[in-house]
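Here you go, one structure.
We count ligands from 1, going down the list as the structure has it; atoms in each ligand are counted the same way.
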Amino acid sequence: MALIVQKYGGTSVGSIEKIKNVAKRVLRGQQQGHQMVVVLSAMSGQTDKLISMATEIQSIPDQREMDMLLSTGEQVTIALFAMAVKDAGSDAISLLGDQVRIVTTNMHTRARIRDIDTALIHKHLDAGKVVVVAGFQGVTEEGDITTLGRGGSDTTAVALAAALKADACEIFTDVEGVYTTDPNICAQARKINMITYDEMLELASLGAKVLEIRSVGLAKRYKVPLHVRSTFSENEGTWVVEEDRIMESMLVSGITYSRKEARITIKAVPDQPGVASKIFQPISSAGILVDMIIQNTREGQLTDITFTVLRTDYARTMELLKKTAAEIGAESVSGDETIAKVSIVGVGMRNHSGIASTMFQVMAREGINIMMISTSEIKVSCVIAEKYTELAVRSLHAAFNLDKDNPPAAE
Ligand code: ADP
Ligand code: ASP
Ligand code: MG
């Protein structure tokens, strides 16, 4: 008998019919003798709908009340799901984050899980029930409801799998696994059979939303092997595992894109010690994450600094930066919200040169201007105009031999 944690995303439980089908699938696991813990998201589109209702009332909604609101989406699906299991002749119980006691920090709308009490879950599993847990939510020590950030049901599932020492953690979604790029924008994308935690962390942080980044970090830390697979087929999906389990590493294993960022430039600031700190300190104090930063020295004692932030933080960052610009005597502040970041990721890059230059050649051939570049051991990212996103992704996918009908040679 194994203990299995299965997570189903929003599209997988997006209608009553789908909820009934997922219940049948879960019961097949139970009939095989396994203890089943199911983590569910809200129905697809529901969280977005709740957010837009909130912003109709408050342009920057109260964070505590936002969590009260957003956590309701998952309450609907877990209750309906438990009913579907009962209707199919078995027994289930739905539990909210605070009933389980998934204790989190009090950072509303992006709380972190501190501790999970597994006693209640074990009690119900031992009584033969399917335990259905609301994804994406928790509770503070003080009893306030929190949410974990968008896509956070993946994190709930992995954290539960770690706490319960589950034998398997399966992430069911609307595609067959992790692909070489988003299959919804590149028809030539191929499913990857196995990928390392580190590559998956990079892919997730650079825009591949198939797994939420914190879930991958947790899986790596607690050595939880993840199986990402489709709700709508029986096919084997993608295993996310430790590097030593993969015999052949690919040069480039995936291409990602993100349209969530914006670029900001502060022009002609004094080129002297302390200026970068004056610019970025108010931004970081406001909890705004800065991604890429480049600095260009001009003639004389002046420099331009360009950096990227999430588009959702763009207005706040511009406001803060304009104040700083006036204080330090900068020439101007300008921004661009129509950028995209396209990245190539692969552990094989560690031991190979020339990958970045191939990427730049592809961009040049397609006439795409590169505005910013950043690299790490296993990735290269370029900021480009948003309108070229698909073109860049598809051209890079082909150039690095990732296309379906052109399988790469093993490294
Ligand atoms: P769920 O609701 O099940 O959590 P998500 O919408 O969060 O599903 O994630 C699945 C989506 O991720 C897919 O429909 C696909 O468009 C997108 N995606 C982006 N990059 C990738 C990738 N490299 N591999 C697979 N899917 C990807
Ligand atoms: N419902 C939440 C969201 O849409 C959490 C999730 O689906 O993982 O972000
Ligand atoms: Mg998701």
Side-chain angles (χ1 to χ4, degrees), residues 6-14 18 22 38-52 66-67 69-78 97 109-111 133-138 146-160 170-193 195 199-216 226 228-232 237-238 240 252-260 312 340-346 389-390 393-394 396-397 402 404:
Q6 293 188 336
K7 177 257 171 178
Y8 293 88
T11 34
S12 307
V13 291
K18 285 181 177 166
V22 171
V38 179
V39 175
L40 298 182
S41 290
M43 287 180 167
S44 50
Q46 185 59 25
T47 308
D48 289 334
K49 211 184 278 173
L50 293 169
I51 292 172
S52 82
M66 192 67 166
D67 277 349
L69 179 70
L70 295 190
S71 62
T72 61
E74 274 70 13
Q75 182 162 0
V76 171
T77 46
I78 58 168
T109 72
R110 50 197 156 134
V133 179
F136 176 54
Q137 57 176 260
T146 50
T147 62
L148 309 177
R150 296 307 305 269
S153 299
D154 295 339
T155 305
T156 307
V158 176
L160 272 175
E170 299 182 291
I171 307 289
F172 286 88
T173 185
D174 57 358
V175 289
E176 297 263 334
V178 180
Y179 281 65
T180 46
T181 192
D182 185 346
N184 287 322
I185 76 157
C186 178
Q188 292 298 320
R190 276 183 305 114
K191 189 183 79 189
I192 301 170
N193 294 328
I195 190 165
E199 283 171 305
M200 196 60 235
L201 274 172
E202 287 282 11
L203 291 176
S205 77
L206 296 168
K209 71 168 184 160
V210 61
L211 279 178
E212 198 266 335
I213 182 166
R214 273 158 58 191
S215 70
V216 187
L226 292 182
V228 183
R229 56 192 306 196
S230 169
T231 307
F232 308 108
T238 302
V240 189
V252 170
S253 36
I255 316 283
T256 58
Y257 65 94
S258 166
R259 296 179 172 121
K260 289 189 182 155
T312 45
K341 182 168 71 183
V342 176
S343 312
I344 56 177
V345 175
T389 311
E390 277 93 353
V393 168
R394 289 180 196 140
L396 289 167
H397 198 266
L402 296 173
K404 223 184 236 165

Heavy-atom side-chain contact between Lys191 and Pro183 under 4.5 Å: no
Residue list, side-chain hydrogen bond (donor to acceptor under 3.5 Å, both in side chains) with Tyr179, at least two apart or on another chain: none
For Tyr179, atoms of ligand 1 separated by under 4.0 Å from a heavy atom: 22 (C), 23 (N), 24 (N), 25 (C)
Sidechain-backbone polar pair: Thr173 side chain, Ser230 backbone, donor-acceptor under 3.5 Å: no
Closest approach of any protein heavy atom to atom 3 (C) of ligand 2, naming residue and atom: Arg150 NE, 3.4 Å
Which residue and heavy atom of the protein sit nearest atom 4 (O) of ligand 1, plus the separation: Lys7 NZ, 3.0 Å
Subset of ligand 2 atoms that lie under 4.0 Å from at least one heavy atom of Glu74: 1 (N), 2 (C), 5 (C)
Heavy atom of Thr181, distance to ligand 1 below 4.0 Å: yes
For atom 17 (C) of ligand 1, closest protein heavy-atom neighbour: Asp182 OD1, 3.8 Å
Contact atoms of ligand 1, heavy-atom distance to Thr173 under 4.0 Å: 1 (P), 3 (O), 8 (O), 10 (C)
Shortest protein contact, atom 27 (C) of ligand 1 (heavy atom only): Val210 CB, 3.8 Å
Numbered atoms and elements of ligand 1 in range of Asn184, under 4.0 angstrom, heavy atoms: 13 (C), 14 (O), 15 (C), 16 (O)
Numbering as shown, the atoms of ligand 1 that approach Val178 to under 4.0 Å (heavy-atom distance): 24 (N)
Ligand 2 contact by Gly151, heavy-atom criterion under 4.0 angstrom: yes
Where Val342 and Leu396 come nearest, the two heavy atoms and their spacing: CG1-CD1, 3.5 Å
Any donor-acceptor pair under 3.5 Å from Gln137 side chain to Gly97 backbone: yes
Side chain Arg394, main chain Ala187, donor-acceptor under 3.5 Å: no
Within-4.5 Å side-chain heavy-atom neighbours: Leu203 and Ile195: yes
Glu212 to ligand 1, any heavy atom closer than 4.0 Å: no
Close side-chain approach of Gln46 to Val76, heavy-atom, < 4.5 Å: no
Ser44 side chain vs Gly14 backbone, donor-acceptor pair below 3.5 Å: no
Heavy-atom gap Gly152 to ligand 2 smaller than 4.0 Å: yes
Asp67 versus Thr146, side-chain donor and acceptor atoms under 3.5 Å: no
Protein heavy atom at shortest distance from atom 7 (O) of ligand 2: Ser41 OG, 3.0 Å
Gap separating the CG atom of Leu201 from the CD atom of Glu199, nearest 0.5 angstrom: 10.5 Å
Interfacing atoms of ligand 1 (cut-off 4.0 Å, heavy-atom, Gly10): 2 (O)
Identity and separation of the nearest protein heavy atom to atom 14 (O) of ligand 1: Asp174 OD1, 2.9 Å
Gln46 heavy atom under 4.0 Å from ligand 2: no
Residue, atom name and distance, where the atom is the protein heavy atom closest to atom 7 (O) of ligand 1: Lys209 O, 3.5 Å
Close side-chain approach of Val22 and Phe172, heavy atoms under 4.5 Å: no
Heavy-atom gap Pro183 to ligand 1 smaller than 4.0 Å: yes
Closest protein heavy atom (residue, atom, distance) for atom 25 (C) of ligand 1: Gly177 O, 3.3 Å
